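I have placed the structure first, in the form of structure tokens, so that the comments after it can refer back to it.
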Amino acid sequence: MSKGKIAFYWAGSCGGCEVSIVDLDEMLFEVLEHFDIVFWPCAMDIKYSNVEDMDDEEIDVCFFNGCIRNEENQAIAELLRKKSKIMIAFGSCSHLGGIPGLGNLSTKEEILEQVYKKSKSIYNEEGIYPSNSVDDHGNEIEIPSLREHVDALDDVVEVDYYIPGCPPPADVIKTALLTLISGNIPPRSEVLAPNRTVCHECKKEKRDIAVKEIKRVYQLDDIDPNRCLLEQGLLCMGPATREGCGAACPSANMPCTGCMGPPSADPQSENCEQGARMISAIASITDVVDEKNSEEEEIKAALDELRDPVGIMYMYSMPKSILKRRRRE
Amino acid sequence: MSMIEINPITRLEGHGNIKIFKDDNGNVDSAYLQIPELRGFEKFCMDRQCELMPQLTSSICGVCPIPHHLASIKTLDNVFNAPPPERAVAQRKLMHFGYFLEDHLLHFYFLGGPDLLLGPDCPPEKRNIIGIIEKYGKDVATEIMEHRRMGQDIIKILGGKAIHPAFGIPGGVSNAVTPKQLDDIEVMARSLVKFSQFSLSLYKQKIHEDEFYSTAVVSDEYSLDCYNMGIVNDKNQPDYYDGDIRITDAEGNEVIKFHPSEYLDHIGEAVEKFSYMKFPFYKKIGWKGLVESKDNGVYRVGPLGRYNATTGYSTPLADKEGKELEKTFGRPCNMTLAYHWIRLTEVLNVSEQLLELALDRDLVLEGDLRTPVNKVVGRGVGCIEAARGTLIHDYEVDQNGLMKDVNLIVPTTHNAAAISLSITKAAQKEIDQGVTDKDHMNRVELALRAYDPCFGCATH
Amino acid sequence: MNEDNGDFEPKIVGFLCNWCSYAGADLAGSSRLKYKPNVRVIRVMCSGRVDPLFVFKAFEKGADGVLIAGCHPGDCHYQCGNYKTMRRMHVMKKMLEQMGISPERLRLEWVSAAESTRFVNVVNDMTEKIKELGPSPLKEEVASNE
Amino acid sequence: MRVGVYVCHCGINIAKTVDVERVVKEISKLPNVVVCRDYHYMCSDPGQELIKKDINRYELNSIVIAACSPRMHFKTFQSALKSAKLNPYMLEMANIREHCSWVHDDVEAATQKAIALVKSSVAKASHLEPLVENDSPVVPAALVIGGGIAGIQSALDIANAGYKVFLVEKEPSIGGHMAQFDKTFPTLDCAACILTPKMVDVSRHENIKLLTYSEVEDISGFVGNFHVKVKKKPRYVNENKCVACGDCATECRLANRIVSEFDEGLGKRSAIYVPFPQAVPLKYTIDPDNCLFLTRGKCGKSPKCVDVCDANAIEFDQKEKIEEFDVGTIIVATGYDSFDAAEKPEFMFGKVPNIINGLQYERFFAPNGPTGGELVMPDGSVPKNVVFVSCVGSRDKKVGNPYCSRICCMYSTKQAHLTKERSPDTDVTVFYCDVRAFGKGYEEFYERVQGEGVKYRRGLVSEIYQDDEGKLHVRAEDSLLGEPVDIVADLVVLATGVVPKDTTKSLAQKLHISNSPDGFLLEAHPKLRPVDTVTDGIFLAGCAQGPKDIPDTVAQAGAAAAHAIDVLAKGKITIEPYNAVVNPDLCGGCRICEMLCPFDAHHYNEQEGVMEINDTLCKGCGVCGAACPAGAIALNLFRNKQIISQIEAILDE
């Protein structure tokens with residue numbers, strides 16, 4: 001049988017997803033036995049023009065990572081969708097918007113102003129911004145402009161599968177690749193990763209899940225490495241986060257930050273949204289010992305150190321949260 | 001006036017393109033390196049809980065998440081005025097060295113290296129890791145992958161995962177290596193020392209047999225006179241984790257040495273309309289735009305910048321290699337392609353340091369991992385040498401531990417002006433009289449790949 | 001704040017617990033008390049059943065306000081569901097504020113099965129307050145999507 | 001889904017403010033809606049027939065009724081579905097009466113709202129799914145809280161029906177307020193004579209376990225399976241040994257030096273006592289607040305009671321005991337308190353011995369009272385003129401009691417009669433607002449007493465004061481003559497009203513039942529379910545639910561007993577499947593839900609690492625579902641999908 005064609009691309013991303021492919025090591029050889037890599041800017045000298053020259057659906061599988069932050073991201077997403085049979089949102093950014101999705105808490109203008117005018121070391125007397133069409137000594141130079149807000153991949157093109165994680169864990173990628181290679185294609189728009197939550201994989205012991213008060217990691221004089229971090233008052237996103245990473249961060253005694261996104265929703269329970277899920281859980285178990293007598297003020301105090309719920313709950317999923325972005329009123 | 005474009009620049013991290021403008025005789029008038037992306041970390045990190053910064057900023061770059069993670073945590077040490085215990089620093093260094101090796105090897109074998117190892121005339125579709133595998137065989141390929149993997153494994157041991165680990169806590173770390181793990185690291189270190197020597201020999205043999213490179217390396221088109229910057233220890237040797245920042249001029253004279261917390265007095269960032277990348281410059285000299293001149297504050301960081309801003313190496317084998325470098329290129333050396341050799345020398349240097357640390361068992365295995373923090377002091381600056389050069393984080397944090405201001409100057413950003421100038425020079429030489437075939441275009445990219453730029457980082 | 005709220009009729013989704021508040025609303029009915037028609041009630045067994053998901057969904061779909069009403073502390077038919085609600089409120093309001101939605105648009109009230117007049121006052125007062133706030137910032141988005 | 005929607009006019013109750021035709025027109029447009037009709041009374045037989053026919057004709061599999069509150073008729077319509085062989089949980093009601101037509105005047109607005117509400121119900125109906133009801137066994141025993149006439153009556157009725165009864169009384173003896181009365185209106189039969197036999201029956205009944213001097217500590221569980229904890233206070237007297245000879249009381253160092261609660265403070269007793277001679281159980285009790293030995297650890301050389309008790313029944317080392325048992329049903333008959341007249345300073349209650357309240361006056365007449373039934377005042381004289389002041393603490397917003405206490409008019413009348421009976425030439429005046437003589441034979445009795453020369457003067461008493469010779473004056477406004485009056489009185493009787501027992505609130509919380517605004521316990525429906533509470537298996541009897549006279553109390557006690565017996569006789573209760581369900585494929589085993597469940601329905605399966613929920617223990621509050629961070633817990637009938645679809649529909653325009 002003839003080899004399939006595979007492409008890797010990054011949009012608004014950090015490159016971690018690329019490295020996670022490189023980290024497949026030997027597995028990479030196996031991939032190369034089944035696929036020719038026809039586009040991979042990070043590792044190969046193939047340019048956009050080469051892709052434009054391809055036939056529609058010439059690429060069998062396209063692994064697309066990164067969020068849709070600027071016009072170029074969107075244009076290439078549309079291009080690759082056209083050229084690919086199967087489009088896979090690869091990694092948190094394309095899956096849920098990722099950390100750059102936090103940009104949705106500010107407007108495009110606010111971002112530009114901070115970066116090019118306000119930041120401490122800036123030297124910008126004319127107060128200029130990079131602007132989408134500039135004339136530099138008579139040279140017309142186009143530069144893609146930022147979109148008003150960040151989107152996930154499936155907000156701009158149809159996505160066939162998702163591979164979650166920041167970056168996707170090697171095992172998850174391997175299983176996904178093997179599934180694709182094996183040819184028995186799972187139902188469309190499925191997340192190619194296990195369904196339960198990080199707690200399911202986490203080795204830490206649970207004694208009494210009641211949380212006295214929320215603590216910041218530096219406020220805890222020492223972290224008991226054997227005990228559930230949530231119990232110790234740390235806001236661990238594990239309970240609201242899909243498994244597959246082997247509870248990587250908790251294993252390093254740090255709370256999960258939720259990069260794998262929400263677990264698969266129960267078909268009956270519609271949208272399984274990380275933030276909604278987690279605040280409900282954490283608030284319900286905080287300061288509940290003798291809850292009947294706890295005053296409004298105590299409750300507030302117990303939850304007080306949760307200073308930035310949105311930033312924590314949606315660290316990787318703001319554009320896919322129900323409210324999607326900050327509004328103004 | 002016509003324009004040719006290299007889009008995207010390939011085999012590096014992040015988005016970039018080169019726009020070359022030619023006059024009517026087909027000679028290059030000017031060339032632009034453009035970074036078309038911006039995510040806006042300096043804005044959306046504001047109002048976040050400060051303890052999350054090591055993880056937030058590590059996702060500025062997935063190729064070099066560790067230096068961001070560590071620079072960030074060093075910044076928070078200062079924000080809370082909580083100097084970490086020695087043992088914690090040792091853990092951080094283990095992780096940092098692991099990263100350093102992984103990253104440099106990634107560049108030599110996957111990103112920039114193939115240009116050298118496969119030669120400039122190698123067809124584009126083969127000019128990559130796959131080409132390397134084909135050319136050097138599966139065994140070498142496996143060696144390469146194994147040793148790169150070692151770096152990743154050390155990071156994973158401490159941070160749970162190799163990319164975007166979780167590990168740093170203000171005033172310390174959350175996790176430490178076990179004696180068993182330290183044994184493994186020692187074994188890895190020894191093997192890495194050998195492998196870096198192998199890589200060096202590979203490089204030298206390649207350069208000497210390839211006539212394009214042997215000439216190109218020393219040619220003017222691939223050289224640039226500018227200032228240099230790097231972190232140094234008290235002997236002015238490169239220190240990759242901590243120390244003062246030293247700047248030297250094109251002749252190698254020290255122009256200033258300062259504590260990182262004073263960086264604002266010495267470094268400014270200029271803005272140009274055609275790119276999202278900012279252009280840092282040495283303030284005392286000032287910013288004159290994209291021109292190669294003694295009176296322009298353009299400087300370089302990363303292996304070459306470090307080499308020029310420092311004197312010798314702290315470890316025996318690397319120091320020996322350094323001597324050979326000096327014999328060949330002299331010090332200072334303004335030849336862009338020299339980046340590769342120096343980079344491999346650093347691999348050796350870091351492998352040796354990793355081994356030293358692995359052998360200092362008391363330091364690594366005994367003592368506290370955290371200095372308890374009490375109150376937020378307010379501002380903090382954290383600085384570290386990433387593979388690609390000096391990395392500066394600068395935070396202001398309020399009493400609730402929320403971020404109030406963020407300023408980041410990232411290695412590739414330091415190099416922004418230098419890279420642009422190198423490209424223009426290469427383009428002017430390689431694409432004269434309208435020659436624009438692929439290889440020549442690649443020779444333009446060659447100039448910039450030597451820097452191992454990371455554009456994701458660069459604009460963040 | 002919105003410029004002309006004259007003819008603006010807020011849409012408020014009300015989640016009422018079956019045992020106290022819903023019964024209180026029923027009593028308001030059988031006592032023929034009159035109040036503003038802006039609150040549309042969804043019955044849940046306990047205020048503790050109100051998943052923050054519902055609140056966010058309601059705002060996403062263009063609600064100008066969300067009212068959660070349950071048994072008074074200590075009176076919960078299920079012993080302590082309302083205490084959970086109380087706790088979730090704090091974080092939900094914080095989150096709404098961060099998302100640029102005025103937290104006053106979300107309200108938690110205790111209404112017992114007997115407090116029909118209290119229910120009436122809550123509905124009228126909330127309707128007034130939301131009128132002053134003006135339409136939810138998500139409203140026109142919803143409109144434009146249709 | 002094939003949904004049928006039925007919009008009820010409820011006569012004009014809905015139709016007059018909601019444009020029903022328009023609702024039908026709008027709803028018919030919705031997807032999934034196969035048929036949509038309106039009808040005058042959906043709950044009527046023909047109305048229900050309509051639904052049944054449609055279910056078969058159109059093969060409907062989900063029904064929406066837009067009518068009154070589901071709390072009113074949900075079950076009615078469920079049975080309609082059942083009889084049409086459709087799962088009774090494929091039903092959703094839109095409350096367009098209580099929540100719409102009755103509370104709005106503007107037809108346009110009301111119609112708009114009605115449409116939104118029905119839309120929301122249709123949306124939910126489209127996501128409903130069939131559910132199966134489970135049975136759970138009923139413990140064949142009842143708990144009756146309160147040993148007044150109400151509790152006694154309920155206990156006897158249930159016990160006679162053959163079920164075990166635990167009767168818990170806070171005081172040392174059962175009997176309650178009725179035991180304090182002399183005669184009862186209007187028939188004037190002797191309270192003791194009709195009450196005492198019942199008290200004795202209780203003590204003798206093989207099915208009744210009497211727990212006096214005890215209080216309910218905690219109640220958990222649910223109908224059919226309540227678990228009860230009762231705190232038994234120590235009497236310091238061994239009930240089995242005590243023969244009630246009474247020597248201890250006569251010998252007690254504090255004999256006749258302690259104010260008697262039973263005599264409302266008029267009489268005295270010892271530190272060891274029985275509240276009254278006919279007490280049941282007739283066992284002595286040592287009052288721990290006064291007993292010298294218990295308060296000071298020392299009583300002379302040795303406590304007299306110990307010395308004289310041949311039965312050696314005195315046990316100072318007795319400790320408080322907790323008794324635990326299970327019952328299937330509970331009756332609350334905790335009675336009332338008499339309004340504290342001191343809250344109305346203008347009446348000088350407690351300042352002057354000759355100003356007393358109704359209950360105290362009862363003790364004057366009681367043969368077992370402080371005066372042995374003689375009408376003599378503390379100074380030994382017989383009052384020449386007695387003045388009654390009615391509505392003290394009733395129909396009085398100032399003290400927060402807007403309601404009528406229903407008994408004061410009649411007991412004043414009774415007491416007026418008894419006064420005349422005892423001393424015919426005593427001048428008796430009753431100041432009243434309106435005389436409420438509504439019961440059987442009451443009006444006749446009132447007339448009779450008027451005939452006996454008791455003066456009824458309509459008017460509110462403004463104040464009572466003492467003149468310089470210390471004579472009492474009652475000042476009032478005679479609203480018939482429209483002139484102020486000022487009458488001298490030897491004795492003033494304040495007809496104090498009925499207020500909830502101070503323990504009512506805390507008991508309601510223990511039982512998870514509600515209070516009505518007046519502070520009494522709230523019935524499930526003021527007319528149709530007056531003895532039920534919102535909590536299945538818990539019923540109300542007597543003044544705990546609101547002021548009542550004895551006949552009403554006894555009647556309600558019987559009714560409550562009948563309802564309780566009904567539960568016990570069934571032997572099993574059907575548990576509505578409003579319960580939470582865990583999806584084991586999604587549960588990550590974080591165990592957050594475990595601690596949220598007040599009914600301990602959750603338990604962790606170590607092997608599988610997932611949570612499991614016990615259907616019978618789960619009450620379906622849904623708190624765990626709302627809190628499950630994995631979205632692995634769904635609540636039947638209130639699933640996220642169902643509610644979210646409601647949200648979307650209700651906001652959709």
Side-chain angles (χ1 to χ4, degrees), chain C residues 9 11 13-20 22-23 25-54 57-58 60-63 71 74-81 84-85 88 112-117 120 123 142 146, chain D residues 68-72 93 95 97-106 109-110 112-113 116-117 120 124 220 505-506 508-509 512-518 522 526 534-535 578 596-599 619-628 631 635 637-638 640 643-644 646-648 650-653:
Chain C
E9 280 302 333
K11 269 198 218 163
V13 179
F15 295 98
L16 269 52
C17 97
N18 179 67
W19 303 101
C20 291
Y22 196 96
D26 279 357
L27 183 56
S30 35
S31 331
R32 307 297 198 279
L33 306 176
K34 302 294 179 223
Y35 56 85
K36 297 224 160 60
N38 304 62
V39 173
R40 276 99 206 261
V41 169
I42 292 176
R43 182 173 69 113
V44 289
M45 292 314 275
C46 176
S47 63
R49 171 66 187 103
V50 179
D51 191 323
L53 196 67
F54 303 162
K57 266 279 169 192
E60 183 203 16
K61 296 295 170 190
C71 310
D75 296 355
C76 177
H77 182 74
Y78 303 102
Q79 297 181 23
C80 46
K84 310 293 182 288
T85 320
R88 291 174 193 151
S112 84
E115 296 175 319
S116 47
T117 41
V120 169
V123 170
V142 176
E146 274 155 11
Chain D
C68 50
S69 171
R71 305 176 77 254
M72 179 95 175
M93 285 185 76
N95 184 347
R97 192 180 73 175
E98 283 85 343
H99 288 192
C100 192
S101 68
W102 275 352
V103 289
H104 306 311
D105 299 321
D106 174 36
Q112 288 281 359
K113 182 174 174 181
L117 291 175
S120 140
K124 183 172 182 182
S220 58
K505 182 79 186 160
S506 62
Q509 293 193 356
H512 310 297
I513 58 180
S514 314
N515 300 81
S516 38
D518 54 20
L522 182 67
V534 289
T535 307
Y578 292 94
L596 298 181
C597 182
F599 310 104
K619 292 272 128 302
C621 60
V623 169
C624 58
C628 174
L635 180 68
L637 255 87
F638 295 89
N640 281 11
I643 295 178
I644 287 170
Q646 279 186 283
I647 296 169
E648 286 162 350
I650 224 167
L651 287 166
D652 161 69
E653 217 111 298

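The model shown is predicted, which means the values in this text are computed figures rather than measured ones. Chain A is the first sequence line, chain B the second, and so forth, proteins listed ahead of strands; every chain is numbered from 1. Heavy-atom basis, side chains included; hydrogens, waters and symmetry copies ignored.
Nearest heavy atoms, D:V623 versus C:R88: O-NH2, 3.4 Å. A pairwise comparison of heavy atoms in D:H104 and C:P37 identifies CE1-CA, 3.3 Å as the closest pair. Minimum heavy-atom separation, D:A626 to C:G48: CB-O, 3.3 Å. Minimum interatomic distance between D:K113 and C:Y35 (heavy atoms only, all atoms of both residues): NZ-CE1, 4.2 Å.
For D:D106, no part sits under 4.5 Å from any heavy atom of chain C, backbone or side chain. For D:L651, the parts sitting under 4.5 Å from any heavy atom of chain C are the backbone and the side chain alike. Of the atoms belonging to D:A508, not a single heavy atom falls under 4.5 Å from chain C. Within the 4.5 angstrom heavy-atom criterion, only backbone atoms of C:V50 (N, CA, C, O) approach chain D. Both the backbone and the side chain of C:N18 come within contact range of chain D, judged by heavy atoms closer than 4.5 Å. With a threshold of 4.5 angstrom between heavy atoms, C:C71 does not approach chain D through any atom at all. With a threshold of 4.5 angstrom between heavy atoms, D:L522 approaches chain C through side-chain atoms but not through N, CA, C or O.
Applying the side-chain contact (heavy atoms from CB on, under 4.5 Å) criterion to D:C597, with sequence neighbours excluded, gives D:F599, D:A601, D:H602. Considering only residues two or more places apart in sequence or on other chains, D:H99 meets the side-chain contact (heavy atoms from CB on, under 4.5 Å) condition with C:Y22, C:A25, C:D26, C:V41, D:N95.
With rounding to the nearest 0.5 angstrom, the CG atom of D:N640 is 5.5 Å from the CG atom of C:L53. To the nearest 0.5 Å, atoms OG (C:S30) and CD (D:E98) are separated by 6.0 Å. With rounding to the nearest 0.5 Å, the separation of CZ in C:R49 from CZ in D:F638 is 9.0 Å. Taking CZ from C:R32 and CG from D:D105, the interatomic distance works out to 11.5 Å, rounded to the nearest 0.5 Å. In this structure, CG in D:L637 is found 8.5 Å from CE in C:M45, a value given to the nearest 0.5 Å. Between the CZ atom of C:R40 and the CD atom of D:Q112 there is a distance of 7.0 Å, given to the nearest 0.5 Å.
Side-chain contact between D:K505 and C:D75: present, with at least one pair of heavy atoms (C-beta onward) separated by less than 4.5 Å. For the pair D:P70/C:R43, a side-chain contact is recorded, criterion being any heavy-atom separation below 4.5 Å from C-beta on. Counting heavy atoms from C-beta outward, D:I647 and C:F15 have side chains that approach closer than 4.5 Å.
Most heavy-atom pairs under 4.5 Å with chain D: of the set C:G29, C:S47, C:G62, this distinction falls to C:G29. Most heavy-atom pairs under 4.5 Å with chain D, from the set C:C20, C:A113, C:A28, C:A63: that is C:A63. When each of D:S516, D:S101, D:G620 is scored by its heavy-atom pairs under 4.5 Å with chain C, the top score falls to D:G620.
When atom types are taken as modelled, the side chain of C:K34 and the backbone of D:W102 share a donor-acceptor pair closer than 3.5 angstrom.
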